[in-house]
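The figures here come from the full heavy-atom set of this structure, side chains too, leaving out hydrogens, waters and symmetry mates.
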Amino acid sequence: MAGLLPGVLVAVLLAAAAAPASAKDYTVGDSSGWTTGVDYTAWARGKTFNIGDTLLFQYTSAGHSVVEVSEADHTSCSAANPLRSYKDGTTIVTLTRPGTRYFICGSTGHCGAGMKLTVTVASLSGSATGGTRLAKPSSSDADPTTTTTTRTSSATGGATGSWAPRTATWLLFFAAVGALL
């Protein structure tokens, strides 16, 4: 029985290392981008954001910005205490942890006019809060105007996606193989 355990461990680690990790790239506001006159609450509704996904904010840097703020500052549309602030016209935010993140435009009056976004990132355990759903939408549920790209990374290729868990899996694999030798 003890001789079987290392073989099972190696098989499990190989299977975990070979399983693909996926992440989606979301263009905030789809073809409209990050601008006034877009309902970002409606845009985010029904989307499941996961760790490793990215948000692409496209906007004119002369008139807009992306400011990540606290929940209180999001509610009051205050950019006075930013967690992060961007003004480059093309901002990519990687969702790296579960929880809720808040974004506003820092230009006077824009947040109050609706240029604000709340994103809830699902936890690793698979539960999400804030009305997001975990099931992948079927083709009949998919919104044809939504711009998303799925990135896939596996142990056999691809430099994008979630590489940190994959690296840890390989380290465990090599440690197990080393213990067998």
Side-chain angles (χ1 to χ4, degrees), residues 20-153 158 160-164:
S22 295
K24 288 186 178 180
D25 300 319
Y26 291 94
T27 300
V28 175
D30 297 320
S31 61
S32 297
W34 183 241
T35 189
T36 54
V38 176
D39 184 348
Y40 293 103
T41 301
W43 176 83
R45 189 177 299 120
K47 290 178 175 59
T48 301
F49 300 97
N50 294 295
I51 294 172
D53 289 353
T54 61
L55 302 175
L56 170 62
F57 292 85
Q58 295 180 315
Y59 53 98
T60 58
S61 58
H64 300 297
S65 63
V66 176
V67 182
E68 186 168 2
V69 294
S70 67
E71 180 179 12
D73 286 343
H74 183 265
T75 300
S76 65
C77 285
S78 172
N81 302 303
L83 301 175
R84 285 167 207 77
S85 183
Y86 310 93
K87 297 180 182 183
D88 57 6
T90 301
T91 300
I92 298 173
V93 175
T94 302
L95 304 175
T96 57
R97 64 187 183 283
T100 304
R101 295 181 67 178
Y102 303 92
F103 302 92
I104 65 172
C105 178
S107 296
T108 304
H110 291 195
C111 175
M115 205 167 163
K116 58 198 286 184
L117 173 67
T118 301
V119 172
T120 300
V121 182
S123 69
L124 292 175
S125 65
S127 63
T129 60
T132 59
R133 64 178 185 209
L134 292 175
K136 183 176 179 182
S138 68
S139 58
S140 62
D141 291 338
D143 180 355
T145 63
T146 299
T147 305
T148 60
T149 304
T150 301
R151 294 179 280 123
T152 302
S153 174
T160 60
S162 180
W163 61 269

- Item | Check: Ile92 and Tyr86 side chains under 4.5 Å, non-hydrogen atoms | no
- Spatial distance of atom CG (Asp73) from atom CG (Leu83) [nearest 0.5 Å]: 8.0 Å
- Check: His64 and Thr36 side chains under 4.5 Å, non-hydrogen atoms: yes
- Query: If you round to the nearest 0.5 Å, how far is OH of Tyr59 from OG1 of Thr35?
  - Reply: 12.0 Å
- Decide yes or no on side chain to side chain donor-acceptor pair (under 3.5 Å) for Asn81 and Ser78, but give the supporting numbers first. CA-CA 7 Å; Asn81 302 303; Ser78 172; 5.0 Å; no
- Can you find a heavy atom in the side chain of Gln58 that is under 4.5 Å from one in the side chain of Leu56? yes
- Side-chain (Asp39) to main-chain (Thr41) donor-acceptor, under 3.5 angstrom: yes
- Less than 6.0 Å separating the ring centroids of Phe103 and Tyr40? no
- Query: Just by modelled atom types, is the Asp25 backbone N or O under 3.5 Å from a matching donor or acceptor in the Asp53 side chain?
  - Reply: no
- Got Leu95 and Val119 here, is their nearest side-chain heavy-atom distance under 4.5 Å? yes
- Message: Determine whether Phe49 and Tyr26 satisfy the following criterion, ring pair (Phe, Tyr, Trp, His ring centres under 6.0 Å), listing intermediate values before the conclusion.
- Response: CA-CA 9 Å; Phe49 300 97; Tyr26 291 94; 4.8 Å; yes
- Note on the structure: Taken to the nearest 0.5 Å, the spacing of Thr100 OG1 from His74 NE2 works out to 10.5 Å
- Which heavy atom of Val69 sits nearest a heavy atom of Pro82, and at what distance? CG1-CA, 4.5 Å
- Between the main-chain N or O of Gly112 and the side-chain N or O of Lys116, is there a donor-acceptor pair closer than 3.5 Å? no
- Query: Within the side chain of Trp34, is there an N or O that forms a donor-acceptor pair under 3.5 Å with the backbone of Ser65?
  - Reply: yes
- Query: Does Ser107 reach the main-chain N or O of His110 with its side chain, forming a donor-acceptor pair under 3.5 Å?
  - Reply: no
- Rounded to the nearest 0.5 Å, what separation is found between the CD1 atom of Ile104 and the CG atom of Leu117? 11.5 Å
- Are any of the side-chain heavy atoms of Val121 and Arg97 separated by less than 4.5 Å? no
- Task: Please examine the side chains of Val67 and Ser85, heavy atoms only from C-beta on, and report whether any two atoms are closer than 4.5 Å.
- Result: yes
- Message: Regarding Cys111 and Cys105, I want to know if their SG-SG distance comes in below 2.5 Å, which is how I'm defining a disulfide.
- Response: no
- Search all heavy atoms of Pro98 against all heavy atoms of Ser123 and return the closest pair with its distance. CB-CA, 3.5 Å
- Take Ser61 and Asp88, measure what side-chain contact (heavy atoms from CB on, under 4.5 Å) needs, and give me the verdict at the end. CA-CA 6 Å; Ser61 58; Asp88 57 6; 6.0 Å; no
- Message: Tell me if a side-chain donor or acceptor on Thr91 pairs with a main-chain N or O of Phe57 at a distance below 3.5 Å.
- Response: no
